[in-house]
Amino acid sequence: MINPSVTLAHVRANAPLVHNITNYVAMQTMANVLLAIGASPAMAHAREEAAELASLASALTINIGTPSIDWLGAMGEAAHAANRAGTPWVLDPVAVGATAFRRQAARRLANLRPTVIRGNASEIIALNAVIDDQNPTAGGGKGVDATDSIEHAEAAAQQLARSTGAIIAVTGPRDLVCDGEQIAMIDNGHPLMPRVTALGCALTGVIGAFLGAGAEPFEGTVSALAYYGLAGQQAAQQAQGPGSFAVQFLDALAAMDEATVDREARISHRSCKH
Ligand SMILES: Nc1ncnc2c1ncn2[C@@H]1O[C@H](COP(=O)(O)OP(=O)(O)O)[C@@H](O)[C@H]1O
Ligand SMILES: Cc1ncsc1CCOP(=O)(O)O
Ligand SMILES: [Mg+2]
């Protein structure tokens, strides 16, 4: 039985420092989302300081949305520092199927033992293909957007969990979390969420905050997804479209009543099929 409110309460009480090496598009949205949930965000991608900051933080997130060679060096050093410090870290393989450069970057990072990997269905299918040395074009995706269904990504998520040792979170109209043995499905969320850029990237930060507040990785990831989706549902009730939704969404994350999360989280659990 997962109680999403427990970790939300820990985040609010402890304000974990979350170090993010994220993309130019997501930086401000992600920082605002982390502040709204009660965490303390820090964005830092210089190679000169990435490892030092990662070893101070409660959690690290690494996102390849706008990659460059310099940033990749910082990402690798930060991931190693997090591993040395026993700090949880989350990988967001944005648009990994799109280019050879992203495939190479994501393969290197996924092999550095991330605690959680979160992506949309197409990203998880593509990353699994990369790690498994399959056809590099496996997994559709249109740039940063998904073209595959969650159901279609289930086998890839399971295989990727087993090959990397990470918890795999696949997000979309429904969310799926897999640790290689068990699967949780989360049926919260709203169709306006993918109409605002960087809400997936910001969610990666929220997972980081939940783990940084001490949650066990599988439970913490499921809890973060349920809370986030529920905030999307609440925001949509007030919104006129994507613009006002973005504003309402921050307010909904901040105002979320902890008992409401436990009551309205739609989480189901089962074993993996194979
Ligand atoms: N069609 C949808 N209906 C409900 N929730 C959605 C939908 N698409 C995405 N979401 C939610 O939006 C958030 C970001 O997920 P997603 O759009 O898959 O990430 P990304 O931006 O990385 O592709 C998640 O909380 C997910 O549940
Ligand atoms: C549009 C875009 N281009 C490069 S990164 C990025 C943001 C992607 O954000 P998300 O994966 O949360 O939609
Ligand atoms: Mg994304």
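Whatever order the structure lists them in is the order used to number ligands and atoms, beginning at 1. Along the sequence shown, the residues carry numbers beginning at 1.
Within ligand 1, the atoms closer than 4.0 Å to a non-hydrogen atom of D175 are 26 (C), 27 (O), numbered from 1 in the order shown. Those atoms of ligand 1 that come under 4.0 Å of a heavy atom in M193, given as number and element, are 11 (C), 12 (O), 13 (C), 25 (O). Residue N120 has at least one heavy-atom neighbour below 4.0 Å for each of these atoms of ligand 1: 18 (O), 23 (O). Close contacts of ligand 2 with L199, meaning ligand atoms under 4.0 Å from a residue heavy atom, involve 12 (O). Every atom of ligand 2 with a heavy atom of N23 under 4.0 Å away is listed here by number and element: 5 (S).
Heavy atoms from other residues, nucleotides or ligands lying under 6.0 Å from CD of E151 number more than 12. Under a cut-off of 6.0 angstrom, the local environment of CD in E216 is crowded, with over 12 non-hydrogen atoms contributed by other residues, nucleotides or ligands.
A donor-acceptor pair under 3.5 Å links the side-chain atoms of N120 to the main chain of S122, judged by distance alone. The backbone N or O of G214 lies less than 3.5 Å from no partner atom in the side chain of H10, so there is not a single donor-acceptor pair. With hydrogens and angles disregarded, no donor-acceptor distance shorter than 3.5 Å links the side chain of N188 to the backbone of A265. Looking at R47, its side chain never comes within 3.5 Å of a backbone N or O of W71 through a donor-acceptor pair. At distances below 3.5 Å, not a single donor-acceptor pair connects side-chain atoms of R162 with backbone N or O atoms of D179.
The residue among S122, A169, A95, P173 with a heavy atom at the shortest distance from atom 2 (C) of ligand 1 is P173. Ranked by closest heavy atom to atom 7 (C) of ligand 1, the top entry among C201, G172, G189 is G172.
Separation of the Y228 and F249 ring centroids falls under the 6.0 Å cut-off. For H269 and F218, the gap between ring centers is short of 6.0 Å.
Ligand 2 has a nitrogen or oxygen under 3.5 angstrom from a nitrogen or oxygen of C201. At a 3.5 angstrom cut-off on N or O pairs, Y228 does not count as close to ligand 1. The shortest N/O to N/O separation between T171 and ligand 1 falls below 3.5 Å. Ligand 2 has a nitrogen or oxygen under 3.5 angstrom from a nitrogen or oxygen of G200. Between H190 and ligand 1, at least one N/O pair is under 3.5 Å apart.
Of all the heavy atoms of T197, the ones lying under 4.0 Å from any atom of ligand 2 belong exclusively to the side chain. Proximity of L203 to ligand 1, defined as any heavy-atom pair under 4.0 Å, is confined to the side chain (atoms from C-beta onward). Looking at R118 against ligand 1, only its side chain comes within 4.0 Å, counting heavy atoms.
A salt bridge links R107 with D133: at least one charged nitrogen is closer than 4.0 Å to a carboxylate oxygen.
Ligand 2 lies out of reach of A26, whose nearest heavy atom is not under 4.0 Å from it. Under a 4.0 angstrom heavy-atom cut-off, P191 registers as being in contact with ligand 1.
Residue, atom and distance of the protein heavy atom nearest to atom 17 (O) of ligand 1 are P194 CB, 4.0 Å. Nearest non-hydrogen protein atom to atom 13 (O) of ligand 2 is A198 N, 3.7 Å. Nearest non-hydrogen protein atom to atom 3 (N) of ligand 2 is V144 CG1, 3.7 Å. For atom 4 (C) of ligand 2, the closest non-hydrogen atom on the protein side is G65 O, 3.4 Å. Of the protein's non-hydrogen atoms, G200 CA, 3.8 Å is the one closest to atom 14 (C) of ligand 1.
Under the 4.5 Å side-chain heavy-atom criterion for Ile, Leu, Val, Met, Phe, Trp and Tyr, V25 and M27 are members of distinct hydrophobic clusters. Taken together through direct or relayed side-chain contacts under 4.5 Å among Ile, Leu, Val, Met, Phe, Trp and Tyr, V177 and I267 form part of one hydrophobic cluster.
For the side-chain hydrogen bond (donor to acceptor under 3.5 Å, both in side chains) with R118, the lone residue among T171, T61, N63 that qualifies is T171.
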